[in-house]
Amino acid sequence: MEQFQRLPGVGPKTAQRLALHILKRPEAEVQALAQALVDAKKQVGLCRECFHLSAEAICEICRNPNRDTKTLCVVEDSRDVIALEKTREYKGKYHVLGGVISPIDGIGPEQLNIQALVRRVSQQQPQEVILAISPSVEGETTTLYIGQLLKPFTKVTRIAFGLPVGGDLEYADEVTLARALEGRRELD
């Protein structure tokens, strides 16, 4: 149970439930799970181009000749790539930072994949870089920092923020409402 509690989002009750479940499973099934975890840890690394998780030196997205090379979407981590891919709306390429600037946690620009991003943009010259970084204080700092670095090379935009579908205005915080107003667009 202690090992399961080390996983993100797993509290004591969930850890207990998982441990008890595994103990009830056949040994072959437990061995297969353990082997899959070990194999994933050994085989999965980071793409040399975009820093997304990949079992290959260059990930599937970067290798895909049908992806739009004119746009580059900058995200915090691989979870964001996966979330954006699920929408099936974005057809360009990605760049994974590996986190956000957070001086309080000892994370500066040099700990992130920012210099690789600047090199990539200066060499590949995309028409647009989309900053899709969470709107936290650290995310805002990272967005502003990267925006200043990339403006000499290309057009830099950021994703719009606003209300989730099904959300009520009365429960939204002031910053979310302000962003929703700023990001408004004309009806089609």
Side-chain angles (χ1 to χ4, degrees), residues 1-16 18 37-38 40-55 57-59 61-62 71-87 90 92-123 126 128-154 156-164 167 171-180 182-183:
M1 288 188 291
E2 289 174 17
Q3 295 303 316
F4 281 123
Q5 284 187 64
R6 292 181 182 201
L7 298 172
V10 177
K13 287 188 178 191
T14 301
Q16 180 182 31
L18 290 169
L37 292 170
V38 170
K41 183 65 178 163
K42 285 181 183 174
Q43 295 171 9
V44 176
L46 299 178
C47 173
R48 284 193 317 232
E49 178 103 5
C50 73
F51 302 95
H52 179 40
L53 292 173
S54 176
I58 303 292
C59 76
I61 294 170
C62 288
T71 59
L72 185 63
C73 185
V74 178
V75 296
E76 195 173 323
D77 62 33
S78 286
R79 291 177 295 196
D80 301 324
V81 173
I82 294 165
L84 286 164
E85 284 297 292
K86 283 181 183 177
T87 70
Y90 180 67
K93 297 206 175 184
Y94 295 94
H95 189 89
V96 179
L97 294 173
V100 289
I101 297 170
S102 178
I104 201 159
D105 296 320
I107 301 171
E110 55 283 344
Q111 277 83 38
L112 304 175
N113 300 317
I114 293 175
Q115 284 308 314
L117 170 63
V118 174
R119 258 192 320 278
R120 188 175 177 194
V121 169
S122 68
Q123 291 169 357
E128 179 183 9
V129 172
I130 304 164
L131 300 177
I133 301 168
S134 299
S136 63
V137 172
E138 296 84 359
E140 289 294 311
T141 301
T142 306
T143 296
L144 293 172
Y145 180 79
I146 292 172
Q148 292 303 311
L149 290 175
L150 297 182
K151 277 183 184 174
F153 301 104
T154 189
V156 180
T157 62
R158 68 180 308 169
I159 60 170
F161 295 102
L163 300 169
Y171 299 119
D173 63 275
E174 295 84 11
V175 174
T176 301
L177 282 173
R179 289 274 167 77
E182 287 172 18

Handout entry: Where Ala132 and Cys73 come nearest, the two heavy atoms and their spacing
Key = CB-SG, 3.7 Å

Exercise for the section: Mind checking salt bridge (Lys or Arg N to Asp or Glu O under 4.0 Å) for Glu49 and listing every partner two or more places apart, or none if nothing turns up? Expected result: Arg120

Problem - Rounded distance [0.5 Å steps], CG in Leu117 versus CG in Leu72 - result: 6.5 Å

Completion exercise
One should read off an interatomic distance between His95 NE2 and Ile114 CD1, to the nearest 0.5 angstrom, of 8.0 Å

Fill in the blank from the handout: By side-chain contact (heavy atoms from CB on, under 4.5 Å), Thr157 pairs with (sequence neighbours left out) Glu128, Ile130, Lys155

Problem - Heavy-atom check, side chain of Asp80 versus side chain of Asp77, under 4.5 Å - result: yes

Please set out all donor-acceptor pairs under 3.5 angstrom arising from side-chain atoms of residues 5-16, sequence neighbours excluded.
{"unit_1": "Thr14", "atom_1": "OG1", "unit_2": "Arg17", "atom_2": "NH2", "d": "3.4"}

Problem - Straight-line distance of Tyr145 OH to Ile133 CD1, nearest 0.5 Å - result: 12.5 Å

Listing, residues 96-110 side-chain donor-acceptor contacts under 3.5 Å, not counting sequence neighbours, or none:
{"unit_1": "Ser102", "atom_1": "OG", "unit_2": "Asp105", "atom_2": "OD2", "d": "2.8"}

Problem - Separation between CZ of Arg79 and CD1 of Ile82, rounded to the nearest 0.5 Å - result: 9.0 Å

Exercise for the section: State, yes or no, whether a side-chain contact exists between Leu53 and Leu46 at a heavy-atom distance under 4.5 Å. Expected result: yes

Problem - Shortest non-hydrogen separation from Ser54 to Cys59 and the atoms involved - result: OG-CA, 3.4 Å

Completion exercise
Nearest heavy-atom contact between Cys50 and Cys47 is N-SG, 3.5 Å

Exercise for the section: Could you tell me whether a side-chain N or O of Ser134 sits under 3.5 Å from a main-chain N or O of Gly139, the two making a donor and an acceptor? Expected result: no

Exercise for the section: State which residues pass side-chain contact (heavy atoms from CB on, under 4.5 Å) with Leu144; sequence neighbours excluded, sorted by chain then number. Expected result: none

Handout entry: Atom of Ile61, atom of Gly92 and distance for their closest heavy-atom approach
Key = CG2-O, 4.4 Å

Practice task
Taking all non-hydrogen atoms of both residues into account, name the closest pair between Pro152 and Gln148 and its distance.
Solution key: CD-O, 3.6 Å

Handout entry: Residue list, side-chain contact (heavy atoms from CB on, under 4.5 Å) with Arg48, at least two apart or on another chain
Key = Ala57, Ile58

Handout entry: Smallest separation among heavy atoms of Phe51 and Ser78, with atom names
Key = O-OG, 4.3 Å

Problem - Test item: Arg158 and Glu140 side chains (from C-beta on) under 4.5 Å apart, heavy atoms - result: yes

Exercise for the section: Indicate yes or no for a side-chain donor-acceptor contact from Tyr94 to the backbone of His52 under 3.5 Å, with no hydrogens or angles considered. Expected result: no

